[in-house]
Every structure is written in C-alpha cells, then in structure tokens.
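For reference, the structure is listed below as structure tokens.
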Amino acid sequence: MSTTALSSSSTGSTGQPPPRRKAPRRPKPAPGTQRISPLRVIGLTVVWLFTAFNLLVLYWLIMAAFKTPLEIFREPLSLPATLFERGTPFRNFVYAWESAEFGTAFLNTVILVAVCSVVIVLVSAPAAYALSRLGVRGSGPMTAFIAIGMGVPFQTVIIPLFIAMSEIDLNNNLFGLALIYVALSLPFTVFLLTGFFRSLPDELEEAASIDGASATRTFWSIMLPLARGGLITALILNAIGLWNETLLAIVFLQENANFTLARALFTFYNAASYQSEYGGLLAGVAIIVLPMLVMYILLARRIITGLTLGAGK
Amino acid sequence: MATVSFRGATRYYAGNDKPAVDGLDLEVADGEFLVLVGPSGCGKSTTLRMLAGLEGVDDGQIWIGDKNVTDMEPRARDIAMVFQNYALYPHMTVHENIAFHLKIAKMPKDQRDARVQEAAKLLDLEPYLDRKPAKLSGGQRQRVAMGRAIVRQPQVFCMDEPLSNLDAKLRVQTRTQIASLQRRLGTTTIYVTHDQVEAMTMGDRVAVMRDGLLQQCDTPVGLFAKPRNVFVAGFIGSPAMNLIPARLSDAGVALGGATIPLTPAQKAAVTGTEVIVGIRPEGWDTVAASEGLPVTIEAVEELGSDQYLYGSSEAEVVAAGEDVEHREAPHPIVIRTPGMSDWSRGQQLGVRPRTGAVHLFDKETGNRLPDA
Ligand SMILES: Nc1ncnc2c1ncn2[C@@H]1O[C@H](COP(=O)(O)OP(=O)(O)OP(=O)(O)O)[C@@H](O)[C@H]1O
Ligand SMILES: [Mg+2]
C-alpha cells in the first residue's frame, strides 16, 4: 500500500503522473450468466451441502484422532483438550501405529500402490494408444471387449481368483495381490486413456512422421507428453482406489507381515473396539486417509487440460 | 534438392467412387516454386499429402528425384511440410520444435544448435526460442512452422495454405518473405493455396486444379494470357474475366456492334453453335453508349491507380434472337478504367472489346479455341 503511494507521488513530482489503472478483482461476467435460475440455486445448494458435510466429517475425524474416548462421545465437535493437557497429543497415533503394526503395513501399501499404479499406467498407455490411434485392425471390437471388463464386478470373481492364486502359490503374497490389482484395474484405465488419446489432433502425429519419428518415438516424444493430463488422472484414480482397497486384501492376505493399511485397520478395528480405544481407531483411520488427501491436493493441480493449446492457428 | 513428378497419381477416399485426385500428371523442376491452386475441395491438400506420404496412392506413381517414393514411409522421403494449422508440438519450446528432426537424425548437439540458431535468425525467431508455441502470436507460430521445415534442408518443401490463418497485412508480408526465402534456399517447393493472388505472386508456375483434375499448369503470365479453358479463365485474375456466351454466325461472333471474326481453325474446333467470349476488365475500350455494347454502371470501385466499373448489359447481344429463357441479359460486366475517372452509378456507357484482348472458348466443352 505505502509503496504504491510513494512511487506514484515520486512520478508525480517529475512530471505527468501516468494514470493508474487497476483491473477489477473479478472481471465482469458475461451478461445473463449471473442470473439466478432454479437450476443454479439447486446446484449450488447441493454442492455446498455436500462439501460442508465432507469437511465436517474430515474435521470430526481429525479432531477425534486427538481425543480420549470420553471426549469423542461427550463433545464430538469441540477441539481436543485432554491429551494436550497431558502433554501427549499424539498418543492415539502412537498407539495405532504400534499396536496395529501400521509401520510394516504402511510400507507395504506405499510400495504396492506405487508399483501397481505405475505398472497399470505403463501397460495401459501403449495399449490405449494402439487401440485408438494406430488404426489396428479390429481395434473397435477390442476396445469394446476391454470395456466389458469394467462391467464385471470384481466381487463375483473373487472365489475363482482365490483358487487360481492358491494353485500357483501366490496366495498370501504381495506380488500375487499386485498382479490381481493390476489386472483388475486395466480395463478402466485403458478405456479412460483411449478416450484421451483419441482427442489428440492427428496432425501432430503426421508432423512427427514427416520429421522422421518412428511410431515408438512418436508415442514417447509426442503423444505421451500430450496425454500427460490423462496419465496423471489415471495414476491418481488408481492410486486412490488401490490405497483404499480392502476386500481383496482381506481375502488374499493372511499374514500380518504382508498386511496393507486397509487390511491392518480391519484387524485393528476388532482389537481397538474391544478395548474401547476409539481415539486410537480413528487415528488409524486418519493415518490411512490423510496421505491420499495430500497426494490428491498435490497432484490434482497438475491435471492440465488444454495442453494442446498452441499446436495450431 | 530434387525434381518431383506425379505420374497418373490417383487417390480415392473410402466410400467415395469419385477420386479426390484423378490421374494427376505433373512435373516439378529442381528448385522450382510450384503453386497448387483451386477452389475448396478440389484435391490440393490430398495431392500434397500423397507427396508427403500421409495418404496412400491408389493408382499411378510419385517420384522424387530418381527415386520412386510411391510406397515409401513419410520419414524416408526427406520432405518437410508446413501444415495449414502449423501442427507445432505444444509441449516443446520453439527451439525443441525446430530441432526435433535433427535430434531424431542424431545430429550432434552443437551442430544442431548452430542450425537452429541459423534458422531462427533467418526467421527473426531468436527472442522466442525458449517459449512454448501457446505463448506466440499466429504469425510467430507460422514462422516456427517454417523454421521446422527449413532447418532440415530437405529435398522438397510442402506447404499447405500456411498463410491462411494470418491477417491480410501479415499475409502479404509473409508471402514475399516465403518466396524470397525459397529463392535463396533453392529448395523445390510445392505450395498449396486457394488464393489466386497468392498463387500468381509466389509461383514460378501455377497448377490449377478442379474436382481432382489438373486444369492447367503454366507460368502466371501464361495462365493469364492463355487460359486453357473457361474455368481457368474465370479463376485466374481479379476481378474475374468477363465470360459472355454468344452465338456463332458465319461472319464470326457478334458482340456489342462489333463482330469478332473466327479463323478457320477456330471454326473447325467449335463443337456446338455457341462460344464463350472472354474479355478481362482491362480488355475493353469505352465508347459512347450508342456505339458499343451498352452497359449501365451499378457500382464503382476506386483504387486510385485504377477504377473498376461493375455494370450490366441489357443488350441482347447475348445469343441474340434466341427465345427469352436462353437470353442471359442483363449480363454483369466489369470494366477497368483509369483511376479517378468521373464515372458514377447509373451512368451509361458503351464498351467494345480491344483487339487482341479476346479469349474464345467453346461453350460445350469449355476449352479454349485455337489461337490461330
Ligand atoms: N479423409 C477423407 N475422407 C473422405 N474424403 C475426403 C477426406 N479428405 C478429403 N476428402 C475429400 O476429398 C476431396 C479433396 O479434399 P482436399 O482436402 O484435398 O481438398 P482441398 O483442395 O485441400 O480443399 P481446401 O482448399 O478446402 O483445403 C474433397 O471433396 C473432400 O471432401
Ligand atoms: Mg486443403
């Protein structure tokens, strides 16, 4: 504020002060777009209610993770106090981490989710590229066939999968679970990326082929970077899905050392509720929820749409 | 550098029995600037894309130099192309865009950078080398697309309406730049446009296409002086040539009181009873309204150096004596007069074709009648 005043007065003394023009904080919207329509009112209400509800739940969860069970039930919405007064604010987290063996589970999950999401995208991207852009014979039916995979609920194939995995000794094995995760996530990811690749302009491919790039080179140097938004979207969606995946982990993992976070929480839930350790239980939930939230906040901004801007005209 | 030759090149698109390019025979000399021109949808882009290897050739052959490239991949042809909408790689900087081919060709980095610098200097792109295409203006993008082509020093340049996205002033500027750049580099160039002024100013030779068929390929002067058929006559030149159908009599063709005599060879070449008389706006002499072909002025276009009178002729010169439906009067007529003459709307004047300014075409076939 003061610097603005200073600089304008100093230029004023030397001569004609340049007229200071300031853009409005918010550019004026196009006429008619701000009108209150019933659709707008309903939409806004629903969105805000939904957001408020989610924020409330998140708030409650995080606060509860710092509370004693008594506080959780007596004052569900107040700020935590007792544990802070005792000087052990992270008691619940420590309890959850130690008694639920979250240490190993956390490491297992991070590795499993990271490897699986990357592998899924690495396999899906070339597949989607081939299906959508290389003019492969029968690519239409093949895409449709892959899309069928999305329509099959994975719950229905758990038993055959379990038998199959036992036969090849990959039951109770993180590698085995990774295989299942990758296989089950492929249809959706391929389908998602097919749409993305299809939306890219043909001319860039043609320009690349004239520039002397082979099909592989075009894929790596031109199409993949352009589809970055799609790849990151696929990565995030898969990571979140796999991070939270519980049913398959419960079925296929039996040994504590192999547990993923969701699986460990499931065991911990029984123990903690038996001991009325609700604070610890919710701290466990927070440990699972927060990393995904952080990742989403960090990566969502990188989902760049309109990256092809500047290719033409 | 090399010659380019289309030998009966034909291209069908799926689901269309009429070829988009039909038996194209065209020889382009080494270092020549050839412009392909024609109305929208006549197959110009298809021709260029066949040469670049982006479309298959259904019939015939394409040769570059002494190599038959008909079935070669685009990257084996050593051709550079400037696309109509530039097709710059949006995720690469200007420098990377220009250097992409050299990088693929595994040219050492210092050599590569030198080449890019050289091209950038030629095109005034030096300040923008580190920018992404999204942050450039249309004209700058156009120059990047040019840079990407010239840095390769290819055998042939293909350009598909590279100026169509620019505003009128920039287009005129860039058009001379491209032409002089091409002269300097001496690279065989095939340039597509639908703008006949662009074609006439830039090309060593101009090939006029229509509905997939090559109509005529000649120097701008040749096209202007001796259009081979009615289509070329009407397409080349601005304002367009006046094309007036007229009935043939024993003496010749009657037009505005004057009779244009036909040589025996011309008479023999006429297939029907009518011919089309073509006279450019500058091919008229103005006389008193009572003498020549009477014209009523409807609009005056003052250009300073020249003046164009847009008028119509009520006279029944046109196939005189025929029944009313076949009369084409009032027939629009454009006349060029010296600039700043005091003609105005509604005035009447007479016009008479100047000797030597008359083009004659057969009405049935549209072909030019022999000149002698
Ligand atoms: N991919 C395609 N599939 C089917 N028909 C096509 C295809 N591309 C072009 N055509 C047809 O082929 C003909 C020639 O097209 P082309 O693109 O070569 O025209 P053009 O002379 O470049 O026109 P313009 O000046 O509008 O760019 C047109 O009639 C067009 O409809
Ligand atoms: Mg075209």
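All chains are named by letter (A, B, ...) in the order of the sequence lines, taking the proteins before the strands, and each is independently numbered beginning at 1.
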Looking at [X], I want to see if its [atom1] is surrounded by more than 12 non-hydrogen atoms of other residues, nucleotides or ligands under 6.0 Å.
X	atom1	value
A:Phe191	CZ	no
B:Lys121	NZ	no
A:Phe145	CZ	no
A:Leu55	CG	yes
B:Asp110	CG	yes

ask   = Is a salt bridge present between A:Asp211 and B:Arg75, judged by a nitrogen-to-oxygen distance below 4.0 Å?
value =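 B:Arg75 and A:Asp211: not salt-bridged.
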key: Any donor-acceptor N/O pair, B:Tyr89 side chain to A:Ala208 backbone, under 3.5 Å   =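 The answer is yes, because a donor-acceptor pair under 3.5 Å joins these two groups.
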inquiry  = Determine whether a donor-acceptor pair (N or O, by modelled atom type, separation under 3.5 Å) exists between the side chain of B:His91 and the backbone of A:Arg228.
reply    =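 No: the side chain of B:His91 does not pair with the backbone of A:Arg228.
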Under 4.5 Å from any heavy atom of chain A - which part of B:Ala80 =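 Contact with chain A involves the backbone of B:Ala80 alone.
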request  = Check whether B:Arg49 gets within reach of chain A through its side chain, its backbone, both or neither, counting any heavy atom under 4.5 Å.
outcome  =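 Side chain only.
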For a quick test of reading the model, state the closest non-hydrogen atom pair linking [X] to [Y] and the distance between them.
X	Y	result
B:Leu54	A:Ile210	CD1-CD1, 3.8 Å
B:Ala87	A:Ala207	O-CB, 3.9 Å
A:Ala213	B:Ile104	CB-CD1, 3.5 Å

task = Kindly indicate whether the side chain of A:Leu204, heavy atoms from C-beta on, has any atom under 4.5 Å from the side chain of B:Pro90.
result =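 Sidechains of B:Pro90 and A:Leu204: in contact.
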key: Between CE on residue B:Met81 and CD on residue A:Glu203, distance to nearest 0.5 Å   =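 Between atom CE of B:Met81 and atom CD of A:Glu203 there are 8.0 Å.
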